[in-house]
Amino acid sequence: MERTPLVVANWKMNTDLTTALNLAEEAQDATEAVNPAIDVVVCPPYPWIVPVSRALAGSRVSVGAQDVAAEEDGAYTGDVSAAMVAPWVRTVIVGHSERRALRGETDELVGRKLRAVLKHGLRPLLCLGETLAEREAGAAESVISRQFTTALDGLAPSELDDLSVAYEPVWAIGTGRAADQDDAEQMARHIRTLVASTVDPDHADRIRVLYGGSVNAANVARLTSGPDVDGALVGSASLAPGGFAGIIAAIATAN
Ligand code: PGA
């Protein structure tokens with residue numbers, strides 16, 4: 001199956017409103033400038049979701065959230081539910097390693113968030129990744145398998161049509177040390193095999209698997225060149241002026 005490339009910018013807890021709107025415009029211009037179909041998503045911090053979504057209305061760039069609460073509503077001070085972002089976004093990042101490491105999110109909680117996202121008709125981008133210690137212990141594939149199977153436990157294949165997965169080795173995030181192209185492809189293939197065995201072969205063929213971790217305009221074509229890697233989840237380089245535009249152009253040229 002031909003999978004449309006997907007490139008997602010994760011701005012994390014960065015930008016002021018002016019910068020966010022400028023970055024959104026830059027993503028829009030870069031996306032309009034390329035011919036091949038590419039799905040482009042920008043994930044601003046919560047307060048900029050509405051203005052960025054309004055600015056991008058009718059464009060080829062869609063908006064995503066970086067996280068949502070697992071709960072529907074209630075006394076959860078500071079949290080934001082999937083229902084609250086649903087009118088403004090199409091995609092939600094779930095299980096980013098910073099939330100797992102810094103906010104104590106377990107595989108089970110990531111699974112509950114995934115359900116909340118699906119319940120509101122949004123597209124989850126499930127992040128999976130091993131730490132350096134886990135990789136050095138030879139446990140990279142088993143960690144990815146555990147994170148994936150726990151998050152998806154009990155979900156029916158028919159609920160997973162809009163699932164995408166990002167392989168983001170923790171040691172490559174924000175470090176300037178991207179994975180090798182071979183590692184990215186090998187883990188993407190592993191994820192696809194997991195989808196085939198735990199969901200079904202049709203979804204293994206259809207689900208988009210991204211690579212994330214120190215992606216930039218210079219390395220993105222190489223990192224996404226494997227047959228099982230369908231695009232990139234980009235942090236730091238999506239904030240630099242021209243950075244995300246360069247990545248969009250490089251993916252378009254490579255496809
Ligand atoms: P990075 O972040 O591109 O800065 O490594 C990627 C991510 O956290 O999704």
Side-chain angles (χ1 to χ4, degrees), residues 5-15 19-20 23-24 26-27 30 39-46 48-49 52 61-68 89 91-105 110 113-114 117 123-132 134-135 140 143-144 147-148 151 163-181 183-184 187-188 191 208-225 229-251:
L6 171 63
V7 54
V8 181
N10 173 12
W11 298 345
K12 307 190 180 180
M13 199 173 75
N14 295 297
T15 68
T19 311
L23 289 173
E26 180 185 309
D39 288 337
V40 177
V41 181
V42 296
C43 301
Y46 285 130
W48 314 151
I49 282 180
V52 166
V61 179
S62 75
V63 180
Q66 299 173 16
D67 181 43
V68 287
V89 308
T91 302
V92 180
I93 297 173
V94 177
H96 190 280
S97 67
E98 285 152 14
R99 302 228 42 103
R100 294 177 189 261
L102 306 174
R103 298 291 179 261
E105 292 196 6
V110 171
K113 292 188 170 193
L114 187 69
V117 169
R123 303 173 169 190
L125 174 56
L126 173 64
C127 297
L128 311 172
E130 82 286 358
T131 63
L132 188 57
E134 288 164 339
R135 172 160 283 262
V143 167
I144 301 303
Q147 292 175 340
F148 181 84
L163 174 70
S164 298
V165 179
Y167 169 58
E168 294 210 309
V170 176
W171 44 272
I173 296 177
T175 59
R177 184 188 157 195
D180 293 342
Q181 186 257 320
D183 290 334
M187 293 305 268
I191 290 165
R208 290 183 287 191
V209 180
L210 311 186
Y211 167 79
S214 297
V215 170
N216 57 44
N219 66 18
V220 68
R222 182 167 47 81
L223 284 164
T224 59
S225 62
V229 184
D230 303 311
L233 175 54
V234 187
S236 336
S238 72
L239 293 163
F244 197 49
I247 288 167
I248 292 168
I251 290 206

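First listed ligand is number 1; within each ligand, the first listed atom is number 1. Residues: numbered from 1 along the sequence shown. Computed from a prediction, not measured in an experiment: that's the story for all the values here.
- Judged by distance alone, with hydrogens and angles left aside, the side-chain atoms of Ser214 form a donor-acceptor pair with the main-chain N or O of Ala172 at under 3.5 Å.
- The contact set between ligand 1 and Gly213, taken as ligand atoms under 4.0 Å from a residue heavy atom, comprises 5 (O).
- Residue Gly174 places a heavy atom less than 4.0 Å from ligand 1.
- The main-chain N or O of Ala140 is never found under 3.5 Å from a side-chain atom of Arg135 such that the two would form a donor-acceptor pair.
- A distance-only check finds a donor-acceptor pair linking the side chain of Glu26 to the backbone of Gly242 [under 3.5 Å].
- The shortest distance between side-chain heavy atoms of Phe244 and Val7 falls below 4.5 Å.
- Annotation for ligand 1: atoms under 4.0 Å from non-hydrogen atoms of Leu233 are 9 (O).
- Classification of Asp67 and Arg103 as a salt-bridged pair fails, no side-chain N sitting under 4.0 Å from a carboxylate O.
- Taking atom 2 (O) of ligand 1 as the reference point, the nearest protein heavy-atom neighbour is Lys12 NZ, 3.3 Å.
- Residue contacts with ligand 1: Gly176 is excluded, as none of its non-hydrogen atoms falls under 4.0 Å.
- Considering backbone and side-chain atoms alike, Thr175 places every N or O at 3.5 Å or more from each N or O of ligand 1.
- Atom CD of Gln66 and atom CZ of Arg99 lie 9.0 Å apart (nearest 0.5 Å).
- Protein heavy atom at the shortest distance from atom 3 (O) of ligand 1 is Gly235 N, 2.8 Å.
- Using a non-hydrogen distance threshold of 4.0 Å, Ala237 does not register as a contact of ligand 1.
- Without hydrogens or angle criteria, Asp230 side chain to Val209 main chain gives a donor-acceptor distance under 3.5 Å.
- The His96 neighbourhood of ligand 1 comprises atoms 7 (C), 8 (O), 9 (O), with distances under 4.0 Å to a heavy atom of that residue.
- Cys43 SG to His96 NE2: the interatomic distance, rounded to the nearest 0.5 Å, is 10.0 Å.
- Residue contacts with ligand 1, taken as heavy atom pairs separated by less than 4.0 Å, involve Ala172 solely via the backbone atoms N, CA, C and O.
- The nearest protein atom to atom 9 (O) of ligand 1, hydrogens excluded, is given as Glu168 OE2, 2.7 Å; this is a heavy-atom distance.
- Ranking protein heavy atoms by distance to atom 4 (O) of ligand 1, first place goes to Ser236 OG, 2.4 Å.
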